[in-house]
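Here's the structure we're looking at; comments come further down.
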Amino acid sequence: MSHDYQRVQWTPFKRQYDLWMLLGMLLYLAVFIAVSFVATQGGTPNPVQVLIRAFGSLAFLMLTFILCLGPMARLTPRFKPLMYNRRHLGVAMFSVAFVHAVLVVFWYHGFGDLNPLVSVLVSNPRYDSIAGFPFESLGLVALLILFLMASTSHDFWNANLGPGVWKLLHMGVYLAFVALVAHVVLGVIQFEKHPLYVAILIGAAVVVASLHLITGFKYFGESHPSANEGWLTVGNTQCFESGAARIVRPKQGEAIAVFFHEGAFYGVSNVCRHQGGPLGEGRVVDGCITCPWHGFQYQLQDGRSPAPFTEKIATYATRIEGDVVLVSTTPNPPGTEQAPATLEVTA
């Protein structure tokens, strides 16, 4: 978590995360370049064009993986560690896309009388033609969106823009993905007849769409228990795992996460104030609820982020009847201290 500009705290996990990410990127580029030279028949390929396609394809695959991370983390906890530093992957992906764009602009538009960027925009005005559509403009749109996302990835911008505006801005990643798919379809697919490019493009689009649909159906397919006099049944006390939560979704209002920690049951909003992450899928770390997406934390008793952070979430009253844990459907104002139901009290 961070509320102002400060140096990145390079934990061992972050170092390993970035090291493996960098090694994977270098390995992909090396294999792509080697295969391009080995598989070319009838001459040696142009090295610059090989680099253009290597960096372009890597950026597209990285963006595809980034879009898949969210749904995969919702479907299995194995991918949650990759979510904590997803912004590192996003900034690296933009850097790769930027190298691809620079190579394209200067190789195809850097030797004329016009400014290279102006040449990209005016050299092909055939917007009314599918076969001759200026696909470069779609790539430029995607690059601008990715630049805005990379430049505002720090939590400083989340705090100053507000979670709603910041989230809306970063939802532009889906528009960037659509623009890139169209960029590839109207660009390299028109000239490169190798079926591998078509397979990668279709496969990426299908995987991204399928994972989001599966996650969506899972969410809407979950039961919405009926409230009995303003209380929802969460589950038997023996079903709770220490430091973890069970999530209930009222018919109206946002989901509620009930955490079990040191013999007490705490009810809080399931929605993280940072990016709307599912708090109930996180854990209690050092006495604080820790969001599985980016590590934002909230105190169990009042839903407040530890100082100096100011984020707050709603808390809910809990109670125990027999061996059953119940949670109120009425939220307290965000940041309100709420006494938990405890096993000791009902013993």
Side-chain angles (χ1 to χ4, degrees), residues 18-70 72 82 86-110 120 131 133-147 149-150 172-212:
D18 287 358
L19 177 60
W20 282 108
M21 178 181 66
L22 180 60
L23 289 175
M25 292 163 59
L26 293 176
L27 178 61
Y28 176 87
L29 292 173
V31 171
F32 187 99
I33 293 171
V35 171
S36 297
F37 277 91
V38 171
T40 301
Q41 299 178 353
T44 302
N46 185 290
V48 177
Q49 292 179 336
V50 171
L51 287 175
I52 287 173
R53 293 189 177 182
F55 279 93
S57 59
L58 175 58
F60 180 76
L61 291 175
M62 290 178 70
L63 179 58
T64 300
F65 181 68
I66 289 170
L67 291 178
C68 291
L69 266 182
M72 289 191 299
L82 297 178
R86 183 172 56 172
R87 69 186 67 190
H88 291 216
L89 190 61
V91 173
M93 178 270 298
F94 166 74
S95 301
V96 172
F98 183 75
V99 172
H100 166 78
V102 169
L103 289 173
V104 168
V105 169
F106 283 98
W107 179 251
Y108 291 105
H109 301 273
V120 170
F133 191 90
F135 61 92
E136 298 91 345
S137 60
L138 295 171
L140 180 60
V141 168
L143 187 68
L144 289 175
I145 294 173
L146 297 177
F147 167 74
M149 294 178 59
V173 66
Y174 293 99
L175 179 60
F177 182 73
V178 172
L180 283 180
V181 170
H183 173 71
V184 176
V185 169
L186 298 173
V188 68
I189 299 299
Q190 298 274 5
F191 313 107
E192 177 59 62
K193 304 304 180 182
H194 198 288
L196 181 61
Y197 288 98
V198 178
I200 292 176
L201 181 68
I202 295 177
V206 169
V207 168
V208 170
S210 299
L211 283 174
H212 282 77

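Worth saying up front: this structure is predicted, and the values here are computed from it rather than measured.
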| message | I'd like to know whether Cys68 forms a side chain to side chain contact (heavy atoms under 4.5 Å, CB included) with Val207, so could you lay out the CA-CA distance, the side-chain angles of the two residues, the decisive distance to 0.1 Å, and finally the verdict. | response | CA-CA 8 Å; Cys68 291; Val207 168; 3.6 Å; yes

| request: Test Leu29 against Val96 for side chain to side chain contact (heavy atoms under 4.5 Å, CB included), laying out the working first. | output: CA-CA 11 Å; Leu29 292 173; Val96 172; 5.8 Å; no

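Looking at every heavy atom in both residues, Ala179 comes nearest to Ala142 through CB-CB, 4.1 Å. Between Tyr28 and Ala54, the closest heavy-atom pair is CE2-O, 3.7 Å. The nearest pair of heavy atoms linking Ile66 to Arg86 is O-NH1, 3.9 Å. Heavy atoms only, all atoms of each residue included: Ser36 and Pro45 are closest at O-CG, 3.9 Å.
Summarising the geometry, atom CG belonging to Leu175 is positioned 4.0 Å from atom CD1 belonging to Ile145; distances are rounded to the nearest 0.5 Å. To the nearest 0.5 Å, atoms OG (Ser57) and CG (Leu201) are separated by 12.0 Å. Annotation: the span from Leu211 atom CG to Met72 atom CE amounts to 6.5 Å, rounded to 0.5 Å. One finds the CG atom of Leu103 at 10.0 Å from the CZ atom of Phe98 (value rounded to the nearest 0.5 Å). Atom CG of Asn46 sits about 8.0 Å away from atom CD1 of Ile52, to the nearest 0.5 Å. Between atom CG of residue Leu89 and atom CE of residue Met25 there is a gap of 8.5 Å, rounded to the nearest 0.5 Å.
Counting heavy atoms from C-beta on, the side chains of Val173 and Phe177 never come closer than 4.5 Å. Within the 4.5 Å cutoff, the side chain of Phe94 has no heavy atoms near those of the Met149 side chain. Two residues are said to be in side-chain contact when any heavy atoms from C-beta on lie closer than 4.5 Å; Val184 and Phe135 fail this criterion. Annotation: side chain of Leu23 is not in contact with side chain of Leu27 (no heavy-atom distance under 4.5 Å). Annotation: side chain of His212 is in contact with side chain of Val208 (closest heavy-atom distance under 4.5 Å).
Counting non-hydrogen atoms of other residues, nucleotides and ligands closer than 6.0 Å to CZ of Phe147 gives a total of 12 or fewer. Within a 6.0 Å sphere centred on CZ of Phe106, heavy atoms belonging to other residues, nucleotides or ligands number 12 at most. Counting heavy-atom neighbours within 6.0 Å of Tyr197 OH, excluding the residue itself, gives a total above 12.
Between Phe60 and the options Leu58, Thr64, Leu63, a side chain to side chain contact (heavy atoms under 4.5 Å, CB included) holds for only Thr64.
For Phe65, the ring pair (Phe, Tyr, Trp, His ring centres under 6.0 Å) test picks out no residue, with sequence neighbours left out.
Identified under the side chain to side chain donor-acceptor pair (under 3.5 Å) test for residues 175-185, with sequence neighbours left out: none.
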